[in-house]
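First the proteins, then the strands, lettered A, B, ... as listed; each starts at 1. Computation of the quantities below employed the complete heavy-atom set of this structure, encompassing side-chain atoms and omitting hydrogens, waters and symmetry-equivalent molecules.
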Amino acid sequence: MPELPEVETIKESLQGMVGLTIDDIKVMKPEYIRSWENRPADYIGQRISAISRRGKFLIFETDTGRYMVAHLGMSGRVYLEPRGKELQKHVHIVFELDNELELWFQDARRFGGLWLVKDPRIMLKDMGIEPLSRNFNSRYLKPLLSNRRVAIKTLLLNQHLIGGIGNIYADEALYEAGIRPDRSAGSLEPGEVHRLVQAIKQVLRSGIDQRGTTLRDFQDGYKQKGEFQDYLKVYGRQDLPCPRCQQPVVRQVINGRSSHFCPSCQK
DNA sequence: AGCTCACCCTGGACGC
DNA sequence: TGCGTCCAGGGTGAGC
């Protein structure tokens with residue numbers, strides 16, 4: 001489940017693609033292309049000029065200003081393979097590059113997709129703030145929480161408010177901040193909002209430092225797994241001891257998402 | 001407007 | 001071993 005640290009890790013791993021030219025594109029599953037504002041053929045012969053990230057979206061730019069925006073959904077992978085290698089299952093799009101490599105878009109569950117657009121700002125205009133930016137602080141977050149009755153965990157997953165937090169890092173951030181995930185957002189005290197902001201930044205940075213969390217599917221652009229799964233304190237650890245107080249971690253479904261927390265350390 | 005929930009999809013885990 | 005069932009969840013949109 002690629003969240004901000006995983007997409008950032010993929011982005012960083014693929015920077016060697018900048019400057020390469022797209023020789024050809026193969027579309028095995030046209031449904032995986034969610035926007036046909038540009039046609040695949042428009043990208044042939046184009047040079048990749050930048051690869052960036054916004055929230056959980058991965059953005060490729062060509063030197064003539066055409067964009068490919070990818071979202072990996074639950075099980076999406078973007079990675080390089082030698083040209084001509086036999087395609088694996090669920091590879092939906094292939095970009096042939098001029099260095100004898102191919103970029104594969106593979107997604108078993110197909111919750112992800114690829115947008116071929118002229119201007120990514122239009123499709124990303126409702127994306128919330130980047131949580132690692134300086135502008136994301138308690139002064140910014142506090143008004144977003146006021147008078148909202150929704151669970152703080154649910155609010156953190158709302159991409160229109162904050163871009164890039166998913167289920168794993170939301171649970172880990174709330175643990176670090178000592179806040180129960182089912183607390184109503186509006187009930188957080190100023191000190192808790194401050195702790196939550198710091199915790200979000202800390203767990204996202206740690207996730208990036210460990211090159212993402214690989215529970216099953218995640219890998220970077222060179223098929224390398226991440227390490228942050230070894231540092232998870234509550235996510236996926238129901239009934240295992242809280243690292244701080246040794247009480248069993250509880251799993252509870254909140255708005256349809258499995259959530260993990262320590263009932264002793266999180267208030 | 002805020003909120004909840006069903007839906008999309010497949011592979012893997014689990015029970016019988 | 002094999003079959004059926006359930007679960008994982010990001011984003012969207014319907015409905016309250």
### Query
Going by atom types alone, do A:Asn38 and A:Tyr43 pair a side-chain donor with an acceptor below 3.5 Å?
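On atom types as modelled, these side chains qualify, holding a pair under 3.5 Å.
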Whole-Å distance separating the [atom1] atom of [X] from the [atom2] atom of [N]:
X	N	atom1	atom2	value
A:Asn255	C:dA8	CG	C1'	17 Å
A:Leu157	C:dG11	CG	P	9 Å
A:Leu215	B:dA13	CG	C1'	15 Å
A:Arg149	C:dC16	CZ	P	17 Å
A:Leu155	B:dA1	CG	P	17 Å

Ionic contact status for [Y] with [X], cut-off 4.0 Å:
X	Y	answer
A:Lys223	A:Glu81	yes
A:Asp217	A:Arg109	yes
A:Glu37	A:Lys118	no

#### Entry: Close side-chain approach of A:Ile10 and A:Arg53, heavy atoms under 4.5 Å
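A:Ile10 does not reach A:Arg53 side chain to side chain.
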### Query
Are any of the side-chain heavy atoms of A:Leu196 and A:Ile179 separated by less than 4.5 Å?
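Yes - at least one pair of side-chain heavy atoms lies under 4.5 Å apart.
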Result block: side-chain N/O donor-acceptor pairs under 3.5 angstrom for residues 141-153 of chain A, not counting sequence neighbours:
residue  : atom : partner  : partner atom : Å
A:Ser146 : OG   : A:Pro143 : O            : 3.1
A:Lys153 : NZ   : A:Asn167 : OD1          : 2.8
A:Lys153 : NZ   : A:Asp171 : OD1          : 2.7
A:Lys153 : NZ   : A:Ser258 : O            : 3.4
A:Lys153 : NZ   : A:Ser259 : OG           : 2.7

### Task
Taking only heavy atoms on the protein side, list every residue of residues 220-243 of chain A lying under 4.0 Å from any atom of DNA chain C, sorted numerically.
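Within residues 220-243 of chain A, the residues near DNA chain C are A:Tyr235.
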### Message
Short of 4.0 Å, heavy atom to strand atom, which residues of residues 158-176 of chain A count as contacting DNA chain C?
### Response
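Only A:Gln159, A:Asn167 qualify.
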### Contact nearer the 5' end of DNA chain C, comparing A:Phe57 with A:Arg216
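By nearest-heavy-atom nucleotide position, the 5'-most residue is A:Arg216.
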List the atom pairs, donor and acceptor, that lie under 3.5 Å between side-chain atoms in residues 232-249 of chain A and the rest of the protein, sequence neighbours left out.
residue  : atom : partner  : partner atom : Å
A:Lys233 : NZ   : A:Glu176 : OE2          : 2.9
A:Arg237 : NE   : A:Lys233 : O            : 3.1
A:Arg237 : NH2  : A:Pro241 : O            : 3.0

### Message
Strictly distance-based, threshold 3.5 Å: is any side-chain N or O of A:Asp220 a donor or acceptor partner for the main-chain N or O of A:Ser13?
### Response
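Between the backbone of A:Ser13 and the side chain of A:Asp220 there is no qualifying donor-acceptor contact (under 3.5 Å).
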### Task
Kindly say whether A:Asp24 contributes a backbone atom to a donor-acceptor pair with the side chain of A:Glu96 at under 3.5 angstrom?
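Between the backbone of A:Asp24 and the side chain of A:Glu96 there is no qualifying donor-acceptor contact (under 3.5 Å).
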### Query
Of all of residues 103-124 of chain A, which get a heavy atom below 4.0 angstrom from DNA chain B, listed by number?
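Per residue number, the list reads A:Ala108, A:Arg109, A:Arg110, A:Phe111.
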Closer than 4.0 Å, any side-chain N/O of [X] to the OP1 or OP2 of [N]?
X	N	value
A:Ser258	C:dG9	yes
A:Lys89	B:dG11	yes
A:His71	C:dG11	yes

### Query
Can you find a donor-acceptor N/O pair under 3.5 angstrom joining the side chain of A:Arg257 to the base of C:dG10?
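For A:Arg257, whose side chain was compared with the base of C:dG10, there is a donor-acceptor pair (under 3.5 Å).
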### Query
Do the rings of A:Tyr32 and A:His92 sit parallel, tilted or perpendicular, given the 30° and 60° boundaries?
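Aromatic pair A:Tyr32/A:His92 classed tilted.
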### Query
Using the C1' atoms of five pairs at each end, what's the angle between the two axes of the helix from B:dG2-C:dC16 to B:dC16-C:dG2, to 10 degrees?
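Computed from the C1' atoms at both ends, the axes differ by 50°.
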